[in-house]
Amino acid sequence: MDTKKLIEDSEHYLMNTYKRFPVVLRKGRGLKVWGTDGKEYLDFVGGIAVNCLGHCHPKVVVAIQKQAQRLLHVSNLYHIEPQIRLAKLLVEHSFADKVFFCNSGAEANEAAIKLARKYAKDNIGPDRYEIITAIGSFHGRTLGALTATGQEKFHKGFEPLCPGFRYVAFDDLDAIRNAVNKKTCAIMLEPIQGEMGVRMPGEDYLKGVREICDKEGILLILDEVQTGMGRTGKLFAYEHYGIQPDIMSLAKGLGGGVAIGAMLATRAVAAAFQPGSHAATFGGNPLACAAAVATIETLLEDGFILDNCKRMGRYLMHEIEDIKKEFLSLVVDVRGKGLLIGMELTRDCSSIVMDMLKKGVLINCTSGNVLRFTPPLIVTEKDIEHLTIALGEVFHELHAG
Ligand SMILES: *Cc1c(COP(=O)(O)O)cnc(C)c1O
């Protein structure tokens, strides 16, 4: 396979929405992926928190194969077996009573925004539509989710955005108290701001937000598109903070590599959606749901994978803390929960990602100067040693140069 020609064609035929690295990945197993040139990589990106069970996990692959032979698609005008099983699993393992399925994180957030508005209009008053979101948040690229995203750099060029959003500083309860008004219907937050560089709020923040919501009679929407599905060591990140949301969005890891999104809510809130309120042609299709059922069942099987996520998260954090101590002029901060870990640098990190790629390790750079590690939750100590040795070498070369 001619990699150079493939990359030429990629640049020729695809819209220029991603700055892509010069590799074409064509095969993966577990933590490993291989390029068309035969080169092997250790994947600490994992599709950015998507491949929670690693690449081509046999349980997920077999579930897809079986479902593909049985039924690929039917309309949501009919009941769909794997969709029912998936909804039941999600409800049994979360705060929620009801689930709506769609195909991506942005779409799940759109559904959450619409449900919050509809619930507030039906139950509180006709002028309750405003949603408070956090500065530095990321909720997706469709216009509603983009407006909810509290980062100007993503808005630029796409104005006018949607009315009805208000932004406050993250991890600041007074900012929320000051922003709530007669129009507010919900507060929408990520438990940890992944895209913004794995920004962690204080331990009591979400509890405080929950209290404000209860006092004001408004809804708490948690965007767990990145933090959900075991990423932080619990199935959902809200479980760490002793609270429950009213609405939650999921996607990324949900299908173990297959595109699927979900919006979950309590019974009272979900009741605002009636036939015709919202829909998605492919939402909850048999193929994606079969993959997601296999993914959740595997994730929860005897707790082994969540436990591994916690242990390997601590180990990875410990190892990169050591690197930080050695390179205090390069590393500002190391933070995260489970296997969502950020390493903030004093400099732009794109060249480091490139140097790591050359050494056969895939890592991600977000927010300009934060290295983000989101490996499959099945990562081993040996994989982490491989990563940290390569990272140490790259930092040494930088330091010397
Ligand atoms: C990735 C992400 C999204 C967007 O998901 P898509 O599937 O790309 O639409 C939304 N919210 C958060 C927190 C994310 O990390």
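Counting starts at 1 for both ligands and their atoms, in listed order. Quick caveat: nothing in here was measured; it's all calculated off a predicted structure.
Between E107 and ligand 1, a contact under 3.5 Å exists for no N or O pair. Taking distance alone, with nitrogen or oxygen atoms compared against 3.5 Å, F138 approaches ligand 1 more closely than that limit. Any N or O atom pair closer than 3.5 Å counts here, and A251 shares no such pair with ligand 1. Between E190 and ligand 1, not a single N/O pair is under 3.5 Å apart.
Contact annotation for N109 and ligand 1: only side-chain heavy atoms (C-beta onward) come within less than 4.0 Å of the ligand.
Of all protein heavy atoms, the one closest to atom 5 (O) of ligand 1 is G105 CA, 3.3 Å. In this structure, the protein non-hydrogen atom closest to atom 2 (C) of ligand 1 is K252 NZ, 2.6 Å. In terms of protein heavy atoms, atom 9 (O) of ligand 1 is closest to A106 N, 2.7 Å.
In this structure, atom 11 (N) of ligand 1 has protein heavy atoms in its sub-4.0 angstrom surroundings.
Residue contact check: S104 has heavy atoms under 4.0 Å from atoms 7 (O), 9 (O) of ligand 1. Per-residue contacts place H139 under 4.0 angstrom from the following atoms of ligand 1 (heavy atoms of the residue considered): 10 (C), 11 (N). Proximity to D223 (heavy-atom distance under 4.0 Å) selects the following atoms of ligand 1: 10 (C), 11 (N), 12 (C), 13 (C).
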TODO: Please step through side chain to side chain donor-acceptor pair (under 3.5 Å) for the pair S277 and Q274, ending with a clear verdict.
DONE: CA-CA 5 Å; S277 300; Q274 291 296 317; over 6 Å; no
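Counting heavy atoms from C-beta on, the side chains of K59 and L53 never come closer than 4.5 Å. Contact check for C365 versus I352: no side-chain heavy atoms found under the 4.5 Å cut-off.
A donor and an acceptor atom, one from each side chain of E110 and H278, are nowhere located under 3.5 Å apart. Neither side chain, Y167 nor Q151, offers a donor N or O lying under 3.5 Å from an acceptor on the other. A donor and an acceptor atom, one from each side chain of H240 and T232, are located under 3.5 Å apart.
In this pair, Y238 and F95 present their aromatic rings perpendicular. The plane angle is above 60°, beyond the 30 to 60° band.
For K88, the NZ atom sits in a loose shell: 12 or fewer heavy atoms of surrounding residues, nucleotides or ligands are nearer than 6.0 Å.
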